[in-house]
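Proteins get letters first, then strands, A, B, ... in listed order; numbering begins at 1 in each.
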Number of protein chains: 2
Amino acid sequence: MLSPDQLSQDVLIDSFKKIFPLSSQEREALISRFSERHIKRRGFILQQGDVCKHFTFIVSGCFKMYAIDQAGKEHNMQFAAEGEWISDLASFYSEKPSGVHIEAIEPAVILQIKHDDLLDLYIGYHRFDRHFRVIVETKYIELQNRVLQNISVTAEQRYLNFLDQFPELANRLPNTQIASYLGITPEFLSKIRKVLVHRP
Amino acid sequence: MLSPDQLSQDVLIDSFKKIFPLSSQEREALISRFSERHIKRRGFILQQGDVCKHFTFIVSGCFKMYAIDQAGKEHNMQFAAEGEWISDLASFYSEKPSGVHIEAIEPAVILQIKHDDLLDLYIGYHRFDRHFRVIVETKYIELQNRVLQNISVTAEQRYLNFLDQFPELANRLPNTQIASYLGITPEFLSKIRKVLVHRP
DNA sequence: CCATAACCTTAAAGTAGTTTAAGAGCGTTT
DNA sequence: AAACGCTCTTAAACTACTTTAAGGTTATGG
C-alpha cells in the first residue's frame with residue numbers, strides 16, 4: 001500500500017480527463033485518496049464472502065470477476081484491463097458480503113479508493129458524482145449489449161463478437177477463460193474454433 | 001404532452017426521496033422539467049432508428065425494451081413497470097440512432113424529461129448527478145445478475161428465478177414475452193412449465 | 001358480437017451445447 | 001531430469017433447446 005507514483009497518477013488522471021477536465025484542486029483531492037498496490041498473478045483483490053471495500057482502477061495487468069456455482073464451476077462475469085475500473089458494485093454500496101471473486105490473470109498494478117473516501121469525494125467535489133455516473137453508465141451500456149447477445153445469438157457468433165470487441169484481450173487470455181465468459185464449455189469453444197479455421 | 005398532474009408528481013418525488021431528500025427548490029426544478037404522456041397498449045416511446053430523446057419515468061403501466069434480429073425476431077432486453085425508469089442510455093447520451101424499441105405492454109402513464117433538460121438539471125442542481133448515478137448503479141447491479149444467470153444456469157432455473165424476482169410481472173405478462181426475455185422459445189417455456197407442474 | 005390476431009400447448013425431428021474420457025504439448029516446480 | 005499442473009484438442013454419447021406444424025383458447029379491437 002503506497003501512495004500512487006507519478007506514472008500511475010498520470011494514467012488515472014488521463015482517464016478522468018476523457019470525461020471532464022479536472023481543476024488542480026480536484027486532481028489533488030482525487031490522487032491523495034488513492035493508494036497503489038502491486039498484485040501477483042492469481043492474486044485476489046476480492047473474495048466471495050468478503051465485503052468489497054474498494055473501487056479499483058487498473059494501471060496495468062488484467063483481472064477477471066467470476067462467481068462459483070454449486071458444482072464448483074467458475075463463471076466469468078467480466079474481464080478488466082489497464083485503464084478500466086473494477087469492483088463489485090452490489091457489495092461496495094450495500095456493504096454486504098460479495099458473491100464474486102476478483103482475481104489477477106496477469107501481474108497487475110492498481111489504484112484503490114476506499115468506500116468512505118469515495119463518498120467523501122462525492123460530497124466535497126460534486127463533479128465526481130458526475131464522473132462516476134458516466135463510468136457506470138458506460139459499463140451499463142456494455143452490459144446491456146452483452147445481455148442482448150446472450151439471449152439472441154449463438155455461441156459461435158458470441159465468440160466472433162468477442163474477438164471483434166476485445167481483440168487485444170483475446171490474445172492475452174487462455175481460451176478456457178473466454179469460454180467461461182461466453183457461457184460455454186472449453187470443449188465446445190474448441191469445436192467452434194475448429195469450424196472457423198476450416199471456414200473463415 | 002401535459003404538465004404532470006398532482007398524482008404523477010407524487011409518484012416521481014417519492015421515488016427520488018428513497019435515494020436522498022429533495023429541497024422544495026430542487027423538487028420544483030425537477031417537476032417543471034417533466035411532461036406527462038398517456039400511452040396506449042402497443043404504443044411506442046422509442047423505435048429502432050430514432051434517437052432516444054427522453055429519459056422516462058413510469059407512473060403506471062408496463063413497457064418492454066427489445067431488439068429485432070436479422071430473422072425478424074424480437075428479443076426482450078428488459079421490462080419496466082410503475083416506479084421504474086426506462087430509456088436507451090446508449091442512444092440517449094450519444095444522441096445516435098437507437099437499436100431498440102420501447103413499447104407499452106399495457107396502457108401507461110409516463111413522465112418524460114428531455115436530454116437537454118436533464119443536462120441542465122445536472123448542471124444547476126448537482127444533487128441530481130447523484131440521483132441518476134444511483135439509479136444507474138441499481139440497474140447495473142440488476143443486469144450483472146442477469147448476465148451471471150445467462151452464462152451459468154439452465155433455462156428452467158432462469159425461469160424459476162424470474163418468477164421469484166418479479167412475481168408481480170410474471171402474472172401480468174404473457175408467457176411469450178417472458179420466453180423472449182429468458183432467451184428461449186415460447187414452445188420450450190411451455191415444456192418447462194409442464195414439467196414444473198408435475199414436479200413442484 | 002364477430003373476426004381476427006395473439007396466446008398456449010403438444011409432438012416429432014433437428015441442431016446446439018455438454019459430458020466424459022483420453023492424449024498431446026508446454027511451462028514451472030522440485 | 002522427472003513430475004506436475006494447466007491448456008488445448010478430439011471424439012462419442014448425451015441433454016438442452018429450436019424448429020416446424022398443427023389445433024385449441026382467449027383477448028380485443030372494429
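Proximity note for A:E187 (side chain, C-beta onward) versus C:dT18, C:dT20, D:dG29: the nearest is C:dT20. Across C:dC8, D:dT19, C:dG17, the shortest atom-to-atom separation from the side chain of B:P174 is found for C:dC8. When distances run from any side-chain atom of A:K194 to the nucleotides D:dT10, C:dA11, D:dC8, the shortest one goes to D:dT10. Considering only side-chain atoms of B:T176, the nucleotide from C:dC8, D:dC17, D:dA11 that sits closest is C:dC8.
Nucleotide C:dG17 holds its C1' atom 17 Å from the OH atom of A:Y159, rounded to whole Å. For the pair B:E156 CD and D:dA16 C1', the interatomic distance rounds to 11 Å; values are reported in whole Å. Straight-line distance from the CD1 atom of B:I192 to the C1' atom of C:dC8: 14 Å, rounded to whole Å. The CZ atom of B:R193 sits 18 Å away from the C1' atom of C:dA11 (whole-angstrom rounding). In this structure, the CZ atom of A:R41 is 15 Å from the P atom of D:dG5, given to the nearest Å. Atom CG in A:L189 sits about 12 Å away from atom C1' in C:dG17, given to the nearest Å. B:K191 has its NZ atom 12 Å from the P atom of C:dA13, to the nearest Å. The nearest whole Å value for the distance from the CD1 atom in A:I151 to the P atom in D:dA16 is 21 Å.
Ring geometry, A:F128 versus A:F16: the interplanar angle exceeds 60°, so the pair is classed perpendicular (tilted spans 30 to 60°). Relative orientation of the B:H126 and A:H126 rings is parallel, given thresholds of 30° and 60° on the angle between their planes.
Toward the 5′ end of DNA chain D lies the nearest nucleotide of B:F188, the other residue of the pair B:F188 and B:R42 mapping further downstream. Comparing A:S190 and B:I184 against DNA chain D, the residue whose closest nucleotide sits nearer the 5' end is A:S190.
Neither side chain, A:Q149 nor A:N145, offers a donor N or O lying under 3.5 Å from an acceptor on the other.
Between C:dT19 and A:K73, a contact under 4.0 Å exists linking OP1 or OP2 to a side-chain N or O. Considering only side-chain N and O atoms, B:N175 lies nowhere under 4.0 angstrom from the phosphate OP1 or OP2 of C:dC7.
Between B:R133 and B:E137 there is a salt bridge, since a side-chain N of the basic residue sits under 4.0 Å from a carboxylate O of the acidic one. No salt bridge links B:E26 with B:R130; every basic N to acidic carboxylate O contact stays at or beyond 4.0 Å.
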